[in-house]
Every structure is written in C-alpha cells, then in structure tokens.
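In what follows, every heavy atom counts, from backbone to side chain, and hydrogens, waters and symmetry copies are set aside.
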Amino acid sequence: MSQLEVIMENCSVHPKVLSLFSGCGGLDLGFHMAGYETVWANDINEWAVSTFKRNFGDVITKDNIEDIDPKTDKSIPACDLILGGFPCQDFSIIWKQPGLNGNRGNLYKNYLRFIEARQPRAFVAENVKGLLTANNGKAIRQIISDFSNIGDGYMVKVQLYNFAEYGVPQFRERVLIVGIRLDQEFNFIHPAPTHGPNGTKPYFTAGEALAGAENVKYNNEHLNITEKTRKMLELIPEGGNFTDIPKDHPLYVKGMISHVYRRINRNEPAKTIIAAGGGGTWGYHFPEPRPLTNRERARLQSFPDDFIFDGSVTEVRRQIGNAA
C-alpha cells in the first residue's frame, strides 16, 4: 500500500486510521508497521478485542457496529483512512455464498455509514474471493456503486490478490477494495506481484516461515490428537490431504473439502489457513504428524512472534484465521 503514502503526505507524522470489523488487528498491523496510527477501532468479539488492546493499546471498543452512529459519536476521532474487513462468511466459496441476501452480507453498509460520516481521504476494505461471484456478480457491482457515490465521490478500484505473490508464506486469495476521495486527484494503481513466477523474488515458503517456531513462548500449545488421527497423517505425504489415504484402507474418509487433513509442503507457501471447523481442518505439520500450533499458524499469516493472542486455543485459531 505504499502508494497510499503519497496521498497521506500532507497528514500528520502518523496518518490516523479508523478500523472497523477489526478482529485481532491483522489488517491494522501492516499499516501500523508502515507508520500509520489506529486511533479508534471496533469489533464485537470479546477475545479479539482483548488481543487488539494488548497489541495496539486501548483504542478499540467492543460493541455492535450497528449500534454506533459515526455522525454523532464524539468519542470517534477524525481520521485520514478507514480500514475494514467486513464479515465474509456470506461471500465465502466454502459455504453456500448467499452474498447480499445473507444475514451478514449487508454488514458492509455499516462500513459505508462510517465513510459517509467521516469522509476519509482513502479507505481499504478486505474480503474473500467469493465476493466477486456472489449473487452472480451483482454483489460486487452494488458494493462498488455504493462506495463510489459516497459524499462527493470516491475512485474505487478492486483487485483479487494472492498474498503469496507479495511475500506471505501462504496461498491466500483475498479481494482488496481501495477507494480514493476524488478531490485527492490521485490515480491509485494496485501493486504488481513481488514474489513467485510473476515477481522478482521466489516464494517465501512454509518451511522458511516455520523455522524456529518451536522456540516461541506464547500461543504455541500442541493439541492432543488421537492415535487414529496420527496414523491417518502418517498415510498423507507432504502437501497432501485426506484424498491420499488409499480407498481400500480402513482409515479412508470421503466427502470432505480439500482443507481436511492438509499437510504443509515445506518447499512452497502453505494452503489457506481457515478460522474454524472440525474434522481435520486445523492444518497439519510435516514431517511431524500433528496439527499446527497457533504460533505456527500465526507465522504462516505473517504475524511477528511478539504479537500475543488472548483466549483459548480455539478462540486464537479463529482470530488468526479471520485476519486479513
């Protein structure tokens, strides 16, 4: 997002950010590292809010965003930039993809309310790949139209990113929607890949990312697994999943999504880390026949080792998987 620095050049030393649907702060972290300052944030999940406070300070509120009025709430500071990953479940290709017709699909309108009330110089919204095809493409067209026509208008540009092409040790496809207020007179261009076959550097691999992870003190608990699961994993090669178990084997399972019993390939980025689910969806180490620890999952999401997560193992898994 270095181009955003151009339109922020007349801001204070640290451009001010409002963060919506913040989760544990995965999206904020990247901007924080680039010199931005989150001055107000919001999420409804107790443990995500606790993690955000631990790592960014007491600038986040735990509240239902639908109950907040950005026009009248005097506790919300002025800002230069609004960030947000509005809930993605209704757009995800893993689920039934109801899109704007789902219970959570229209939560993006709360993002619109904040932009309309605060008129930031720019905004960045993140969502899953399924946003592009939800409702036969009507969802993304409606969202672009709505964002474009806020206030005096925004130039809105949408692009599907595979984060492995930008140095993340994970094949993770996400849609980024960038809006620039028209009076900024700045033509934002989505950056070209830096890694992999379309970049100038090799992929950052899962093996490289996990090197030394066992020495990190926090969020590194090993899960207890059954002997049956351990034996299943021993049947699955590096980079494989449940489909590698022979069909005539007593431990063969069927009818599952590709995430199930997926083992990392140390020589390439990991497959997508997901936030929840049972039935072998934790993501699995190689060569050790075990689930990845949350610290290992955090490494694959590019969180630094001093970023500490609050909550149970399951809650931490959710925070990591939901991060941008």
Has [X] got a side-chain atom pairing as donor or acceptor with [Y]'s backbone, closer than 3.5 angstrom?
| X | Y | answer |
| --- | --- | --- |
| R172 | I273 | yes |
| Q119 | E116 | yes |
| H195 | K201 | no |
| N219 | I308 | no |
| S22 | N42 | yes |
| R118 | L18 | no |
| T281 | G277 | yes |
| R113 | I68 | yes |

Exercise. Show your working on side-chain contact (heavy atoms from CB on, under 4.5 Å) between K157 and N187 and close with a plain yes or no.
Key: CA-CA 10 Å; K157 294 196 174 183; N187 183 28; 2.7 Å; yes
Atom pair [atom1] ([X]) and [atom2] ([Y]), whose distance is rounded to the nearest 0.5 Å:
| X | Y | atom1 | atom2 | answer |
| --- | --- | --- | --- | --- |
| T293 | N220 | OG1 | CG | 4.0 Å |
| I60 | S50 | CD1 | OG | 10.0 Å |
| I320 | I274 | CD1 | CD1 | 13.0 Å |
| R141 | N136 | CZ | CG | 8.5 Å |
| R295 | E214 | CZ | CD | 13.0 Å |
| C24 | F52 | SG | CZ | 9.0 Å |

Looking at every non-hydrogen atom in both residues, tell me the closest pair between [X] and [Y] and how far apart they are.
| X | Y | value |
| --- | --- | --- |
| Q159 | Y161 | O-CD1, 3.5 Å |
| P291 | W282 | CB-CB, 4.2 Å |
| L233 | P289 | CD1-C, 3.5 Å |
| N322 | A275 | OD1-CB, 3.3 Å |
| I264 | H285 | CG1-C, 4.1 Å |
| R299 | A209 | NH1-O, 2.8 Å |

With a 4.5 Å limit on heavy-atom distance, are the side chains of [X] and [Y] in contact?
| X | Y | answer |
| --- | --- | --- |
| W40 | S75 | yes |
| P169 | L210 | no |
| D43 | K62 | no |
| F86 | N110 | no |
| V59 | V39 | no |
| R297 | F303 | no |
| S19 | L27 | no |
| L131 | V158 | no |

salt_bridge(K16, D80) N-O dist < 4.0 Å: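 A salt bridge is absent here (no side-chain N lies under 4.0 Å from a carboxylate O).
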Take N149 and D146, measure what side-chain contact (heavy atoms from CB on, under 4.5 Å) needs, and give me the verdict at the end. CA-CA 6 Å; N149 293 303; D146 289 344; over 6 Å; no
Over 12 foreign heavy atoms within 6.0 Å of [atom1], [X]:
| X | atom1 | value |
| --- | --- | --- |
| Y218 | OH | no |
| E227 | CD | yes |
| N224 | CG | no |
| N64 | CG | yes |

Just checking, is any N or O donor in the side chain of [X] or [Y] under 3.5 Å from an acceptor N or O on the other one?
| X | Y | answer |
| --- | --- | --- |
| T205 | N267 | no |
| E315 | S312 | no |
| N294 | R317 | no |
| D310 | T51 | no |
| N162 | K129 | no |
| Y108 | N127 | no |

Problem - Intermediate values then yes/no, ring pair (Phe, Tyr, Trp, His ring centres under 6.0 Å), Y203 and F171 - result: CA-CA 10 Å; Y203 284 132; F171 291 117; 5.4 Å; yes
Single-linkage hydrophobic cluster, 4.5 Å side-chain cutoff, [X] and [Y] together:
| X | Y | value |
| --- | --- | --- |
| F147 | I144 | yes |
| L29 | L176 | no |
| F307 | V168 | no |
| L112 | I76 | yes |
| M232 | L292 | no |

**Study point:** Criterion ring pair (Phe, Tyr, Trp, His ring centres under 6.0 Å) on F123 and F114, from CA distance to verdict
**Key:** CA-CA 10 Å; F123 67 83; F114 272 77; over 10 Å; no
Could you tell me which residues satisfy side-chain contact (heavy atoms from CB on, under 4.5 Å) with H32, sequence neighbours excluded, listed by chain and number?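 Listed in chain order: F56.
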Mind jotting down which residue pairs meet the salt bridge (Lys or Arg N to Asp or Glu O under 4.0 Å) criterion with at least one end in residues 262-279? Sequence neighbours excluded, please.
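Those involving residues 262-279 are E238-R266, E268-K271.
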List for me each residue that meets salt bridge (charged side-chain N to carboxylate O under 4.0 Å, His left out) alongside D183, sequence neighbours excluded, and say none if there are none.
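In terms of salt bridge (charged side-chain N to carboxylate O under 4.0 Å, His left out), with neighbours along the sequence ignored, D183 is linked to R181.
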**Asked** In terms of ring plane angle, is the pair Y284 and Y261 parallel, tilted or perpendicular, where the classes change at 30° and 60°?
**Response**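 If you compare the ring of Y284 with that of Y261, the planes turn out tilted.
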*asked:* Please verify the inter-ring angle class for F188 with H190; under 30° counts as parallel, over 60° as perpendicular, anything in between as tilted.
replied: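 Geometry flag for H190 against F188: perpendicular rings.
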Test F31 against T38 for side-chain contact (heavy atoms from CB on, under 4.5 Å), laying out the working first. CA-CA 9 Å; F31 281 87; T38 300; over 6 Å; no
Margin query: Run the side-chain contact (heavy atoms from CB on, under 4.5 Å) test on D58 and K53 for me, step by step, so that the C-alpha distance in whole Å, both residues' side-chain angles and the decisive distance to 0.1 Å come before the verdict.
Written below: CA-CA 5 Å; D58 192 11; K53 285 183 178 179; 3.3 Å; yes
